[in-house]
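Worksheet: one structure, shown below.
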Amino acid sequence: MPLDTASHKIPVARNAADLRAAVAEWRTRDETVALVPTMGALHEGHLSLVDLAREKAARVVVSIFVNPTQFAPHEDFSAYPRTEAADAAKLEGKADLIFAPDAADMYPQGFSTTISLSGVSEPLEGQFRPTHFAGVATVVAKLILRTMPDIAIFGEKDWQQLMVIRRMVADLDISVEILGGPIMREADGLAMSSRNVYLTPAERKAAGRLNVILKETAASVAGGTPISEATKTGAERILALGFDKPDYLEIRDAASLAAFPDDKPTGPARILVAAKIGKTRLIDNMPV
């Protein structure tokens with residue numbers, strides 16, 4: 001089946017065979033390939049990852065697939081924005097190919113394999129969304145194995161996801177380099193997210209303070225305040241902004257996401273938060 005170019009200039013592969021054929025042609029010219037997996041609704045954060053991919057490889061594939069297996073039954077799968085035409089327009093001149101399969105192509109009848117990880121997937125998001133990372137790991141493994149890129153790039157905003165994918169790739173000996181792209185932020189420091197469009201004006205104003213609390217909490221711990229004390233104060237400040245009680249505000253080992261046993265960082269650390277305001281759940285993180 002030829003690539004779909006009817007609705008926009010950038011070619012779109014709708015199934016694994018067409019994706020592999022396009023990549024195989026590039027490989028005949030020894031061109032390197034980078035993959036940027038997304039769920040669409042692209043914003044400047046996503047586009048920064050595509051720009052990084054362009055710096056690192058001759059060819060760039062952007063996948064757009066709202067993956068049902070990483071959403072719990074009560075989450076916003078059906079409401080998640082789907083804007084392929086607008087996304088394709090944003091990718092003009094940046095990517096070489098969009099891979100936009102449907103669920104039946106990714107998970108055909110009889111599909112019964114799941115990749116699950118222990119350790120790095122278990123705390124934080126794993127505690128509040130226990131099926132999430134199995135869905136992420138499975139779909140990312142399929143996207144990588146279908147594309148066989150030299151590099152795959154993920155945003156650091158989903159820090160735990162990035163660590164899960166690095167662990168999976170290492171454990172399964174998948175021959176791809178996993179790169180993280182820096183978090184892109186709005187003028188007030190709010191991490192860019194497809195979910196930010198759900199915020200009311202008042203919620204949006206409060207959300208812009210979340211990164212400030214993270215910075216000040218991290219600075220407090222760097223200055224010697226015990227982790228438990230600093231994060232308790234930070235969580236109270238987030239609550240005072242109008243957020244629900246945070247799902248978590250934690251300082252963890254940056255790679256393993258294990259807690260520090262002595263209430264102080266003893267190596268590279270990351271502060272991570274997930275909190276809901278109104279109907280919107282926001283996540284953010286930064287180094288300590």
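All values derive from a computational prediction rather than experimental measurement. Numbers here are sequence positions counted from 1.
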message: side chain to side chain contact (heavy atoms under 4.5 Å, CB included) for V33 and E31? Distances and angles first, verdict last.
response: CA-CA 7 Å; V33 179; E31 292 176 321; 5.6 Å; no

Kindly give the heavy-atom pair with the smallest separation between [X] and [Y], and that separation in Å.
| X | Y | answer |
| --- | --- | --- |
| V288 | A218 | CG1-O, 3.8 Å |
| P37 | S63 | CA-OG, 3.0 Å |
| R252 | P123 | NH1-CB, 3.5 Å |
| S256 | D253 | N-OD1, 2.8 Å |
| I10 | A88 | CG2-CB, 3.9 Å |
| A207 | L199 | CB-CD1, 4.0 Å |

Just by modelled atom types, is the [Y] backbone N or O under 3.5 Å from a matching donor or acceptor in the [X] side chain?
| X | Y | result |
| --- | --- | --- |
| R82 | Y80 | yes |
| Q160 | V120 | yes |
| D263 | S228 | yes |
| N285 | K157 | yes |
| T138 | G135 | no |
| T147 | P149 | no |
| N15 | A17 | yes |
| D87 | M39 | no |
| E177 | D150 | no |
| W159 | P287 | no |

- request: For the residue pair Y248 and E125, confirm or rule out a side-chain donor-acceptor distance under 3.5 Å.
  value: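 Yes, because at least one side-chain N or O of Y248 sits under 3.5 Å from a partner of the opposite role on E125.
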
Test item: side-chain donor near acceptor, N67 and Y107, under 3.5 Å: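 On atom types as modelled, these side chains qualify, holding a pair under 3.5 Å.
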
Please say yes or no: joined through hydrophobic side-chain contacts below 4.5 Å, possibly via intermediate residues, are [X] and [Y] part of one cluster?
| X | Y | result |
| --- | --- | --- |
| F71 | M106 | no |
| V136 | L124 | yes |
| L49 | L47 | yes |
| V176 | V61 | yes |

- prompt: Yes or no on side chain to side chain contact (heavy atoms under 4.5 Å, CB included) for K215 and M286, after CA distance, side-chain angles and deciding distance?
  reply: CA-CA 8 Å; K215 281 180 199 164; M286 56 187 64; 3.4 Å; yes

Working to the nearest 0.5 Å, report the span between [atom1] of [X] and [atom2] of [Y].
| X | Y | atom1 | atom2 | answer |
| --- | --- | --- | --- | --- |
| D102 | F65 | CG | CZ | 7.5 Å |
| L179 | I153 | CG | CD1 | 5.0 Å |
| Q70 | T131 | CD | OG1 | 9.5 Å |
| K205 | I277 | NZ | CD1 | 12.0 Å |
| S220 | E229 | OG | CD | 7.0 Å |
| I271 | D284 | CD1 | CG | 9.5 Å |

So does [X] have more than 12 non-hydrogen atoms from other groups sitting under 6.0 Å from [atom1]?
| X | atom1 | answer |
| --- | --- | --- |
| K90 | NZ | yes |
| R54 | CZ | yes |
| M184 | CE | yes |

Heavy atoms, side chains only, cut-off 4.5 Å: are [X] and [Y] in contact?
| X | Y | result |
| --- | --- | --- |
| R167 | F133 | no |
| D188 | R204 | yes |
| M168 | L117 | yes |

message: Under the side-chain contact (heavy atoms from CB on, under 4.5 Å) test against I144, which residue among L172, V139, L35 passes?
response: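 Going through L172, V139, L35 one by one, the side-chain contact (heavy atoms from CB on, under 4.5 Å) with I144 is satisfied by L35 alone.
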
message: With a 4.0 Å cut-off on N to O distance, would you call R129 and D247 a salt bridge?
response: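 Salt bridge between R129 and D247, a charged N being under 4.0 Å from a carboxylate O: no.
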
- prompt: If you measure from the Lys or Arg side-chain nitrogens to the Asp or Glu carboxylate oxygens, is any gap between K276 and D244 under 4.0 Å?
  reply: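 A salt bridge is absent here (no side-chain N lies under 4.0 Å from a carboxylate O).
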
- prompt: Under the side chain to side chain contact (heavy atoms under 4.5 Å, CB included) criterion, do F243 and V273 qualify, and how do the steps go?
  reply: CA-CA 12 Å; F243 282 83; V273 68; over 6 Å; no

- prompt: Cation over ring, R270 on F260, under 6.0 Å and within 45°?
  reply: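 No cation-pi geometry.
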
query: Passes salt bridge (Lys or Arg N to Asp or Glu O under 4.0 Å), E203 versus R195? Steps please.
result: CA-CA 12 Å; E203 290 165 357; R195 290 185 169 93; over 6 Å; no

query: Can you say whether the rings of H46 and H43 are parallel (under 30°), tilted (30 to 60°) or perpendicular (over 60°)?
result: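 Tilted.
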
- request: In sequence, state the C-alpha distance, the side-chain angles, and the governing distance for L282 and L190, and then conclude on side chain to side chain contact (heavy atoms under 4.5 Å, CB included).
  value: CA-CA 10 Å; L282 301 177; L190 176 65; 4.3 Å; yes

